[in-house]
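Predicted model only: the values in this text are computed from it and were never measured. Heavy-atom basis, side chains included; hydrogens, waters and symmetry copies ignored. We're numbering straight along the sequence, starting at 1. As the structure lists them, so they are numbered: ligands from 1, and atoms in each ligand from 1.
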Amino acid sequence: EAKKQGRNRYAFFTPELRERAVRRLSLDNELRRAVEDNEFLLHYQPIVRPETGTMVGVEALVRWQRSDGRMISPGEFIPLAEETGLVVPIGEWVLNEALMQLGEWDRDHHGGLTMSVNFSMVQCRHGGLPAMVDRALNRSGIDSARLVAEVTESDVLVGQQQYQAVFDRLRERGVRVAMDDFGTGSSSLGQLKRLPVDILKLDRSFVRDITKSSQDEAITRAAITMADALGLNVIAEGVEEATQRDLLIDAGCRLMQGFYFSRPRPAEEIEGLLREKRNLPES
Ligand code: C2E
Ligand code: MG
Ligand code: MG
Ligand code: MG
């Protein structure tokens with residue numbers, strides 16, 4: 001019986017594994033081509049002051065628009081791009097595009113937004129990141145204080161020394177640093193005090209159940225209080241409902257992001273919101 005099962009499993013796994021390897025290899029090749037042909041685009045998700053619905057900044061989120069029209073999300077290709085190192089040229093394109101876009105909005109008199117850009121630890125390890133950021137800031141003419149560099153908490157904890165070296169240098173230039181997905185890793189209070197961080201982005205997994213789980217509510221309130229005490233700003237991620245917004249306001253959270261306010265949108269739609277001075281969520 002065991003033997004039969006074993007054989008079944010063998011028969012079941014082999015083609016699947018082979019298929020997965022083939023798919024990975026072809027995705028790898030496609031991704032390489034996508035970098036050459038520049039098949040990427042950015043969507044922007046508003047970061048909002050929840051009491052008024054004012055957009056104070058946006059986060060740039062990359063998408064892969066394939067020639068067949070299919071849109072691939074970063075969750076699908078960023079891990080592969082990290083493994084292959086392609087995240088370095090992709091990341092450089094993202095930063096340049098995001099800052100150029102911000103410059104365009106400035107020229108259309110929608111000044112003052114901040115721009116948050118995601119960085120992977122692979123980019124930090126590659127070296128040359130501070131110089132790359134300098135070039136992008138110079139080219140776009142954007143004030144460094146308006147750029148927020150986001151790194152996930154788990155990335156920070158894995159590559160602490162490289163992170164420290166690179167992000168100390170970015171902060172010397174006036175760039176602000178956000179710890180993304182905060183709460184999914186396990187930073188200690190001591191680490192938070194020492195690490196170069198300006199902003200905590202409270203992970204969606206806490207926000208999701210905040211109105212249903214008194215534990216998640218307690219953790220969230222404690223995280224906001226702690227961030228306040230350390231002089232850090234907090235952005236709650238993944239706010240999807242008014243009840244979550246209200247509870248987070250009550251907990252002292254001053255900045256939020258999530259589908260409740262707006263999904264990530266193409267640049268033209270952000271422009272429309274700015275032009276018509278519309279608050280979020282739209283009524
Ligand atoms: P992230 O930086 O934590 O970005 C937030 C993600 O949560 C985005 O997914 C966004 O669409 C999604 N989100 C925002 N609000 C809500 C909400 O209310 N509910 C739900 N369910 N989801 C919400 P997206 O665009 O698929 O990006 C996924 C991740 O890919 C990002 O997570 C980030 O880690 C990574 N990523 C995106 N763009 C880049 C990039 O240019 N470079 C690098 N290295 N990573 C990137
Ligand atoms: Mg992010
Ligand atoms: Mg996040
Ligand atoms: Mg996330």
Heteroatom test (N, O or S) for Asp181 near the Mg ion (ligand 2), limit 2.8 Å: no

N, O or S from Glu237 under 2.8 Å to the Mg ion (ligand 3): yes

Which residue from Gln244, Glu97, Arg204, Glu240 reaches closest to atom 22 (N) of ligand 1 through any of its heavy atoms? Arg204

Taking both backbone and side-chain atoms of Glu237, is any N or O found less than 3.5 Å from an N or O belonging to ligand 1? yes

Considering just N/O/S atoms, say which atom of Asp180 is closest to the Mg ion (ligand 3). OD1

Using a strict threshold of under 4.0 Å (side-chain N to carboxylate O), is an ion pair present between Glu282 and Arg265? yes

Using 4.0 Å as the upper bound for N to carboxylate O, is an ion pair formed by Lys212 and Glu217? no

Within 2.8 Å of the Mg ion (ligand 2), is there any N, O or S atom belonging to Asn118? yes

Could you check whether any heavy atom of Gly238 sits closer than 4.0 Å to an atom of ligand 1, since that is the contact criterion I want to use? yes

Kindly write out the residues that satisfy ring pair (Phe, Tyr, Trp, His ring centres under 6.0 Å) with Tyr44, not counting sequence neighbours, or none if the list is empty. Trp105

If you measure from atom 15 (N) of ligand 1 to every heavy atom of Glu150, Arg263, Gln45, Met256, which option wins on shortest distance? Gln45

Can you tell me how the ring of Phe40 sits relative to the ring of Trp93, calling it parallel under 30°, perpendicular over 60° and tilted otherwise? tilted

Listed partners of Tyr163 passing ring pair (Phe, Tyr, Trp, His ring centres under 6.0 Å), at least two apart: Phe167

Can you check whether Ser73 has an N/O within less than 3.5 Å of an N/O in ligand 1? no

Do any heavy atoms of Arg63 fall under 4.0 Å from ligand 1? yes

Are any of the N/O atoms on Phe259, whether in the backbone or the side chain, positioned under 3.5 angstrom from an N/O atom of ligand 1? yes

Pair Glu240 + Arg204: basic N to acidic O under 4.0 Å: no

Report the member of Val62, Val207, Asp203 with the shortest heavy-atom distance to atom 39 (C) of ligand 1. Val62

